[in-house]
Chemist: 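Please see the structure below; I have some questions.
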Amino acid sequence: MTDASALPGQPRGGVLSGPATARAVNVLAPNPSAMTLDGTNTWILSEPDSDLAVVVDPGPLDDGHLRHVIGTAERAGKRVALTLLTHGHPDHAGGAGRFAELTGTKVRALDPALRLGDEGLAAGNVVTVGGLELRVVPTPGHTADSLCFHLPADRAVLTGDTILGRGTTVVAHPDGRLGDYLDTLRRLRSLTIDDGVHTVLPGHGPVLEDAQGAVEYYLAHRAHRLAQVETAVEDGHRSPSEVVAHVYFDVDRSLWPAAEMSVRAQLEYLREHGLI
(Lines give C-alpha, C1' and ligand atoms only; values in the text may rest on other atoms or scores of the structure.)
Protein backbone atom coordinates (compact mmCIF):
# COMPACT_ATOMS: atom_id res chain seq x y z
CA MET A 1 0.00 0.00 0.00
CA THR A 2 1.42 3.39 -1.01
CA ASP A 3 2.14 5.89 1.76
CA ALA A 4 -0.02 8.95 1.09
CA SER A 5 2.83 11.23 2.15
CA ALA A 6 4.81 9.95 -0.84
CA LEU A 7 2.05 10.78 -3.35
CA PRO A 8 1.82 14.13 -5.19
CA GLY A 9 0.35 16.76 -2.88
CA GLN A 10 0.23 14.34 0.08
CA PRO A 11 -3.47 13.39 -0.09
CA ARG A 12 -5.19 13.05 3.26
CA GLY A 13 -6.50 9.59 4.04
CA GLY A 14 -9.81 8.66 5.62
CA VAL A 15 -13.42 9.55 4.86
CA LEU A 16 -13.84 12.43 2.41
CA SER A 17 -17.01 13.90 3.94
CA GLY A 18 -16.70 15.92 7.11
CA PRO A 19 -14.47 18.65 8.56
CA ALA A 20 -11.33 19.39 6.54
CA THR A 21 -10.02 22.57 8.19
CA ALA A 22 -11.20 24.84 10.99
CA ARG A 23 -13.55 26.58 8.54
CA ALA A 24 -14.28 24.00 5.83
CA VAL A 25 -16.57 20.97 5.86
CA ASN A 26 -17.04 18.69 2.86
CA VAL A 27 -20.31 17.04 1.88
CA LEU A 28 -19.60 14.45 -0.82
CA ALA A 29 -22.19 14.26 -3.59
CA PRO A 30 -23.39 10.77 -4.62
CA ASN A 31 -22.14 11.05 -8.21
CA PRO A 32 -18.97 8.95 -8.41
CA SER A 33 -17.56 8.19 -11.88
CA ALA A 34 -14.30 7.93 -13.76
CA MET A 35 -14.44 11.70 -14.31
CA THR A 36 -15.72 12.78 -10.88
CA LEU A 37 -13.64 10.32 -8.82
CA ASP A 38 -15.50 9.70 -5.53
CA GLY A 39 -18.06 12.38 -6.39
CA THR A 40 -18.25 16.16 -6.24
CA ASN A 41 -16.98 17.86 -3.09
CA THR A 42 -19.50 20.45 -1.87
CA TRP A 43 -17.80 22.78 0.57
CA ILE A 44 -19.48 24.48 3.53
CA LEU A 45 -17.35 27.37 4.80
CA SER A 46 -17.88 29.36 7.96
CA GLU A 47 -16.07 31.06 10.79
CA PRO A 48 -16.23 28.77 13.84
CA ASP A 49 -18.17 31.30 15.93
CA SER A 50 -20.50 32.48 13.15
CA ASP A 51 -24.02 31.27 12.38
CA LEU A 52 -23.63 32.10 8.66
CA ALA A 53 -22.09 29.83 6.03
CA VAL A 54 -21.01 29.97 2.40
CA VAL A 55 -21.46 26.94 0.14
CA VAL A 56 -19.05 26.43 -2.75
CA ASP A 57 -20.28 24.17 -5.59
CA PRO A 58 -23.65 22.73 -4.49
CA GLY A 59 -23.04 19.90 -6.95
CA PRO A 60 -25.37 18.10 -9.34
CA LEU A 61 -29.14 18.49 -9.44
CA ASP A 62 -29.82 15.90 -6.77
CA ASP A 63 -32.44 17.02 -4.26
CA GLY A 64 -31.27 14.57 -1.63
CA HIS A 65 -27.73 15.85 -1.78
CA LEU A 66 -28.77 19.50 -1.75
CA ARG A 67 -30.96 18.94 1.32
CA HIS A 68 -28.14 16.99 2.97
CA VAL A 69 -25.83 19.99 2.51
CA ILE A 70 -28.38 22.29 4.12
CA GLY A 71 -28.98 19.83 6.95
CA THR A 72 -25.25 19.50 7.60
CA ALA A 73 -24.96 23.26 7.95
CA GLU A 74 -28.02 23.50 10.16
CA ARG A 75 -26.85 20.75 12.49
CA ALA A 76 -23.70 22.82 13.04
CA GLY A 77 -25.85 25.85 13.87
CA LYS A 78 -25.23 27.53 10.51
CA ARG A 79 -27.52 29.12 7.95
CA VAL A 80 -26.41 29.09 4.32
CA ALA A 81 -26.15 32.76 3.34
CA LEU A 82 -24.41 32.62 -0.05
CA THR A 83 -23.62 30.15 -2.85
CA LEU A 84 -20.43 30.36 -4.96
CA LEU A 85 -19.40 28.41 -8.06
CA THR A 86 -15.88 27.49 -9.16
CA HIS A 87 -17.14 26.91 -12.73
CA GLY A 88 -20.19 25.88 -14.67
CA HIS A 89 -19.82 22.13 -15.25
CA PRO A 90 -23.04 20.39 -14.16
CA ASP A 91 -21.40 18.16 -11.56
CA HIS A 92 -20.52 21.37 -9.71
CA ALA A 93 -23.22 23.84 -10.72
CA GLY A 94 -26.16 21.76 -11.96
CA GLY A 95 -27.94 21.98 -8.61
CA ALA A 96 -27.22 25.67 -7.97
CA GLY A 97 -30.62 26.97 -9.04
CA ARG A 98 -32.51 24.47 -6.91
CA PHE A 99 -30.11 25.05 -4.00
CA ALA A 100 -30.80 28.79 -4.25
CA GLU A 101 -34.53 28.04 -4.04
CA LEU A 102 -34.07 25.87 -0.97
CA THR A 103 -31.81 28.33 0.84
CA GLY A 104 -33.02 31.69 -0.47
CA THR A 105 -29.45 32.59 -1.37
CA LYS A 106 -27.88 34.36 -4.30
CA VAL A 107 -25.49 32.48 -6.56
CA ARG A 108 -22.26 34.23 -7.52
CA ALA A 109 -20.08 33.01 -10.40
CA LEU A 110 -17.77 34.38 -13.06
CA ASP A 111 -20.14 33.42 -15.90
CA PRO A 112 -23.21 35.73 -15.91
CA ALA A 113 -25.33 32.84 -17.17
CA LEU A 114 -24.77 31.00 -13.89
CA ARG A 115 -25.53 33.89 -11.53
CA LEU A 116 -28.69 34.36 -9.52
CA GLY A 117 -28.63 37.94 -8.31
CA ASP A 118 -26.85 41.12 -9.37
CA GLU A 119 -23.33 40.32 -8.16
CA GLY A 120 -20.83 38.20 -10.03
CA LEU A 121 -17.26 37.29 -9.21
CA ALA A 122 -14.08 38.75 -10.64
CA ALA A 123 -10.35 38.90 -10.00
CA GLY A 124 -9.53 40.76 -6.81
CA ASN A 125 -12.97 40.34 -5.25
CA VAL A 126 -13.03 39.54 -1.55
CA VAL A 127 -16.17 37.74 -0.37
CA THR A 128 -17.01 38.23 3.31
CA VAL A 129 -19.84 36.48 5.14
CA GLY A 130 -20.11 36.29 8.92
CA GLY A 131 -16.47 37.25 9.34
CA LEU A 132 -15.30 34.65 6.82
CA GLU A 133 -12.99 36.02 4.12
CA LEU A 134 -12.56 34.42 0.70
CA ARG A 135 -10.35 35.90 -2.01
CA VAL A 136 -11.33 35.26 -5.62
CA VAL A 137 -8.49 33.94 -7.79
CA PRO A 138 -9.11 33.75 -11.57
CA THR A 139 -7.84 30.37 -12.76
CA PRO A 140 -8.88 29.76 -16.39
CA GLY A 141 -7.62 26.70 -18.23
CA HIS A 142 -9.78 23.77 -17.23
CA THR A 143 -12.61 26.01 -18.42
CA ALA A 144 -12.64 29.69 -19.33
CA ASP A 145 -14.81 30.50 -16.28
CA SER A 146 -12.81 28.58 -13.67
CA LEU A 147 -12.14 30.28 -10.34
CA CYS A 148 -10.36 29.28 -7.15
CA PHE A 149 -11.09 30.65 -3.70
CA HIS A 150 -8.25 31.48 -1.32
CA LEU A 151 -9.17 30.97 2.34
CA PRO A 152 -6.35 32.84 4.10
CA ALA A 153 -7.37 32.00 7.66
CA ASP A 154 -6.87 28.29 6.96
CA ARG A 155 -3.95 28.78 4.54
CA ALA A 156 -6.07 26.86 2.05
CA VAL A 157 -7.34 27.18 -1.52
CA LEU A 158 -10.51 25.70 -2.99
CA THR A 159 -9.59 24.60 -6.49
CA GLY A 160 -12.71 23.13 -8.13
CA ASP A 161 -11.44 21.07 -11.07
CA THR A 162 -8.22 23.07 -11.51
CA ILE A 163 -6.35 20.75 -9.13
CA LEU A 164 -7.88 17.44 -8.08
CA GLY A 165 -7.23 15.42 -4.97
CA ARG A 166 -6.16 12.45 -7.07
CA GLY A 167 -4.78 12.25 -10.59
CA THR A 168 -4.77 15.22 -12.95
CA THR A 169 -7.48 17.29 -14.58
CA VAL A 170 -8.64 17.83 -18.16
CA VAL A 171 -8.12 20.98 -20.20
CA ALA A 172 -11.65 21.05 -21.61
CA HIS A 173 -10.90 22.29 -25.13
CA PRO A 174 -12.13 24.43 -26.84
CA ASP A 175 -13.40 26.30 -23.77
CA GLY A 176 -10.27 25.43 -21.83
CA ARG A 177 -6.87 26.52 -23.15
CA LEU A 178 -3.50 25.06 -22.19
CA GLY A 179 -1.66 28.39 -22.14
CA ASP A 180 -4.22 29.75 -19.70
CA TYR A 181 -3.94 26.61 -17.60
CA LEU A 182 -0.16 26.83 -17.34
CA ASP A 183 -0.46 30.48 -16.28
CA THR A 184 -3.04 29.40 -13.70
CA LEU A 185 -0.73 26.77 -12.22
CA ARG A 186 2.03 29.37 -11.91
CA ARG A 187 -0.44 31.72 -10.20
CA LEU A 188 -1.35 29.00 -7.72
CA ARG A 189 2.33 28.25 -7.12
CA SER A 190 2.74 31.92 -6.17
CA LEU A 191 -0.06 31.50 -3.62
CA THR A 192 1.85 28.67 -2.00
CA ILE A 193 5.14 30.60 -1.95
CA ASP A 194 4.03 34.18 -1.30
CA ASP A 195 0.82 33.65 0.67
CA GLY A 196 1.65 30.51 2.61
CA VAL A 197 -1.12 28.32 1.18
CA HIS A 198 -0.43 24.71 2.12
CA THR A 199 -3.82 22.96 1.84
CA VAL A 200 -5.80 22.19 -1.32
CA LEU A 201 -9.55 21.71 -0.93
CA PRO A 202 -10.33 20.18 -4.34
CA GLY A 203 -13.57 19.72 -6.25
CA HIS A 204 -13.00 15.95 -6.35
CA GLY A 205 -10.89 13.58 -4.30
CA PRO A 206 -9.14 13.95 -0.95
CA VAL A 207 -7.72 17.06 0.64
CA LEU A 208 -4.08 17.68 -0.27
CA GLU A 209 -1.72 18.65 2.54
CA ASP A 210 1.12 19.86 0.29
CA ALA A 211 -0.27 22.51 -2.05
CA GLN A 212 3.10 23.48 -3.50
CA GLY A 213 3.99 19.85 -4.16
CA ALA A 214 0.66 19.37 -5.95
CA VAL A 215 1.20 22.41 -8.18
CA GLU A 216 4.75 21.39 -9.02
CA TYR A 217 3.55 17.89 -9.92
CA TYR A 218 0.86 19.34 -12.21
CA LEU A 219 3.38 21.60 -13.95
CA ALA A 220 5.78 18.70 -14.47
CA HIS A 221 2.98 16.45 -15.70
CA ARG A 222 1.83 19.05 -18.23
CA ALA A 223 5.37 19.56 -19.52
CA HIS A 224 5.82 15.79 -19.88
CA ARG A 225 2.52 15.31 -21.72
CA LEU A 226 3.24 18.25 -24.01
CA ALA A 227 6.61 16.75 -24.95
CA GLN A 228 4.93 13.39 -25.61
CA VAL A 229 2.34 15.00 -27.89
CA GLU A 230 5.03 16.94 -29.76
CA THR A 231 7.01 13.73 -30.30
CA ALA A 232 3.89 11.86 -31.40
CA VAL A 233 3.21 14.47 -34.07
CA GLU A 234 6.82 14.31 -35.25
CA ASP A 235 6.40 10.53 -35.55
CA GLY A 236 3.41 10.99 -37.86
CA HIS A 237 0.45 10.81 -35.48
CA ARG A 238 -1.47 13.83 -36.74
CA SER A 239 -5.09 13.62 -35.63
CA PRO A 240 -6.12 14.07 -31.96
CA SER A 241 -7.46 10.50 -31.85
CA GLU A 242 -4.18 9.12 -33.20
CA VAL A 243 -2.20 11.09 -30.62
CA VAL A 244 -4.45 9.86 -27.81
CA ALA A 245 -4.02 6.23 -28.87
CA HIS A 246 -0.24 6.71 -28.97
CA VAL A 247 0.31 8.81 -25.84
CA TYR A 248 -2.50 7.55 -23.59
CA PHE A 249 -2.26 3.87 -24.54
CA ASP A 250 -1.92 2.90 -20.86
CA VAL A 251 -4.98 4.91 -19.75
CA ASP A 252 -8.45 3.37 -19.39
CA ARG A 253 -10.16 3.73 -22.77
CA SER A 254 -13.28 5.13 -21.07
CA LEU A 255 -11.17 8.23 -20.35
CA TRP A 256 -9.93 8.67 -23.92
CA PRO A 257 -12.69 11.15 -24.90
CA ALA A 258 -11.59 13.40 -22.02
CA ALA A 259 -7.94 12.86 -22.94
CA GLU A 260 -8.75 13.94 -26.49
CA MET A 261 -9.95 17.32 -25.19
CA SER A 262 -6.60 17.83 -23.50
CA VAL A 263 -4.74 16.66 -26.63
CA ARG A 264 -6.65 19.17 -28.76
CA ALA A 265 -5.62 21.89 -26.30
CA GLN A 266 -2.00 20.70 -26.45
CA LEU A 267 -1.97 20.64 -30.26
CA GLU A 268 -3.41 24.15 -30.35
CA TYR A 269 -0.73 25.32 -27.90
CA LEU A 270 2.07 23.74 -29.95
CA ARG A 271 0.78 25.34 -33.17
CA GLU A 272 0.46 28.76 -31.53
CA HIS A 273 4.08 28.53 -30.40
CA GLY A 274 5.36 27.30 -33.77
CA LEU A 275 6.46 23.95 -32.36
CA ILE A 276 4.56 21.78 -34.87
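Since this is a predicted model, take the numbers as computed values, not measurements.
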Chemist: Which distance, rounded to the nearest 0.5 Å, do you find between the OG of Ser262 and the CG of Leu255?
Modeler: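 Interatomic distance, Ser262 OG to Leu255 CG, rounded to 0.5 Å: 11.0 Å.
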Chemist: Does Asp145 reach the main-chain N or O of Gly88 with its side chain, forming a donor-acceptor pair under 3.5 Å?
Modeler: yes
Chemist: Please name the pair of heavy atoms, one in Pro60 and one in His65, separated by the smallest distance, quoted to 0.1 Å.
Modeler: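 Nearest heavy atoms, Pro60 then His65: CD-CD2, 4.5 Å.
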Chemist: Nearest 0.5 angstrom please: Leu270 CG to Ile276 CD1, how far?
Modeler: 5.0 Å
Chemist: As an exercise, state the distance from CZ of Arg222 to OH of Tyr217, rounded to the nearest 0.5 Å.
Modeler: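 One gets 10.0 Å once the value is rounded to the nearest 0.5 Å.
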Chemist: Please name all residues satisfying side-chain contact (heavy atoms from CB on, under 4.5 Å) with Ala211, sequence neighbours left out, ordered by chain then number.
Modeler: Thr192, Val197, Val200
Chemist: Taking the six-membered ring of Tyr248, is the NZ or CZ of Arg225 close enough (under 6.0 Å from the centre) and on axis enough (within 45°)?
Modeler: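 So Arg225 does make the cation-pi contact.
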Chemist: Under a 4.5 Å side-chain heavy-atom rule over Ile, Leu, Val, Met, Phe, Trp and Tyr, are Leu52 and Leu158 clustered together?
Modeler: yes
Chemist: Give the minimum heavy-atom separation between His87 and Ala93, together with the two atoms involved.
Modeler: O-CB, 3.7 Å
Chemist: Does CG belonging to Asp194 count more than 12 external heavy atoms closer than 6.0 Å?
Modeler: yes
Chemist: Please give me the minimum heavy-atom distance between Tyr218 and Leu164, naming the atom from each residue.
Modeler: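 Closest heavy-atom pair between Tyr218 and Leu164: OH-N, 2.9 Å.
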Chemist: For Arg98, is there an ion pair with Asp62 - N to carboxylate O distance below 4.0 angstrom?
Modeler: no
Chemist: Please determine, by modelled atom types, if Ser17 and Asn26 share a side-chain donor-acceptor pair under 3.5 angstrom.
Modeler: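 On atom types as modelled, these side chains do not qualify, holding no pair under 3.5 Å.
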Chemist: If only atom types and distance count, is the side chain of Lys106 paired as donor or acceptor with the main-chain N or O of Thr83 below 3.5 Å?
Modeler: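 Side chain of Lys106 to backbone of Thr83, a donor-acceptor pair under 3.5 Å: no, none is there.
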Chemist: Under a single-linkage definition using a 4.5 Å side-chain heavy-atom cutoff for Ile, Leu, Val, Met, Phe, Trp and Tyr, are Val107 and Leu61 assigned to the same hydrophobic cluster?
Modeler: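 No; Leu61 is not reachable from Val107 via cluster members.
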Chemist: Taking 4.0 angstrom as the limit, do Arg23 and Glu133 come out as a salt bridge?
Modeler: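 Looking at Glu133 together with Arg23, the answer is no, because their closest N to O distance does not fall below 4.0 Å.
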Chemist: Strictly distance-based, threshold 3.5 Å: is any side-chain N or O of Ser50 a donor or acceptor partner for the main-chain N or O of Ser46?
Modeler: no
Chemist: Suppose we call two aromatic rings close when their centres sit under 6.0 Å apart. Are His92 and His204 close by that rule?
Modeler: yes
Chemist: Could you tell me if His142 and Asp161 have a donor-acceptor pair between their side chains, going purely by distance under 3.5 Å?
Modeler: yes
Chemist: Tell me yes or no: between the side chains of Asp91 and Thr36, is some donor less than 3.5 Å from an acceptor?
Modeler: no
Chemist: Is it the case that the side chain of Thr159 and the backbone of Thr162 share a donor-acceptor pair, with hydrogens and angles ignored and the cut-off at 3.5 Å?
Modeler: no
Chemist: For Thr103, enumerate each residue passing the side-chain hydrogen bond (donor to acceptor under 3.5 Å, both in side chains) test, keeping only those at least two apart in sequence or located in another chain.
Modeler: Thr105
Chemist: Quick check against the 3.5 Å criterion: does Arg177 have a side-chain atom that pairs as donor or acceptor with the backbone of Gly141?
Modeler: no
Chemist: Do Leu151 and Val136 belong together in a cluster built from hydrophobic side chains that touch within less than 4.5 Å?
Modeler: yes
Chemist: Please check: side-chain N/O of Asp154 versus main-chain N/O of Ala156, any donor-acceptor pairing under 3.5 Å?
Modeler: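 Side chain of Asp154 to backbone of Ala156, a donor-acceptor pair under 3.5 Å: no, none is there.
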Chemist: Of all residues at least two apart in sequence or in a different chain, which pass the salt bridge (Lys or Arg N to Asp or Glu O under 4.0 Å) check with Arg186?
Modeler: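 Asp183.
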Chemist: Grab the two heavy atoms, one from Ala81 and one from Val129, that are nearest each other, plus how far apart they are.
Modeler: CB-CG1, 4.0 Å
Chemist: Who are the side-chain hydrogen bond (donor to acceptor under 3.5 Å, both in side chains) partners of Arg67, not counting sequence neighbours?
Modeler: Asp63
Chemist: If you take all heavy atoms of Phe149 and Leu85, which pair is closest and at what distance?
Modeler: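 Looking at all heavy atoms of both residues, the closest pair is CZ-O, 3.8 Å.
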Chemist: According to side-chain hydrogen bond (donor to acceptor under 3.5 Å, both in side chains), who are the partners of Thr128, at least two apart in sequence or on a separate chain?
Modeler: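 Once residues adjacent in sequence are excluded, Thr128 has no partner under the side-chain hydrogen bond (donor to acceptor under 3.5 Å, both in side chains) criterion.
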Chemist: Under the criterion salt bridge (Lys or Arg N to Asp or Glu O under 4.0 Å), I'd like the reasoning laid out for Arg189 against Glu216: C-alpha separation, chi angles, the key distance, then a yes or no.
Modeler: CA-CA 8 Å; Arg189 181 170 58 188; Glu216 297 290 0; 3.5 Å; yes
Chemist: Locate the shortest heavy-atom distance separating Gly205 from Asn41; write the atom from each residue and the value.
Modeler: O-ND2, 3.0 Å
Chemist: Tell me whether Val243 shares a hydrophobic cluster with Val251, the cluster being built from Ile, Leu, Val, Met, Phe, Trp, Tyr side chains joined at under 4.5 Å.
Modeler: yes
Chemist: Would you say Ile44 ends up clustered with Leu82 if hydrophobic residues are merged whenever their side chains have heavy atoms under 4.5 Å apart, either directly or through other cluster members?
Modeler: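 Each belongs to a different hydrophobic cluster.
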Chemist: List the residues meeting salt bridge (Lys or Arg N to Asp or Glu O under 4.0 Å) with Arg264, not counting sequence neighbours, and say none if there are none.
Modeler: Glu260
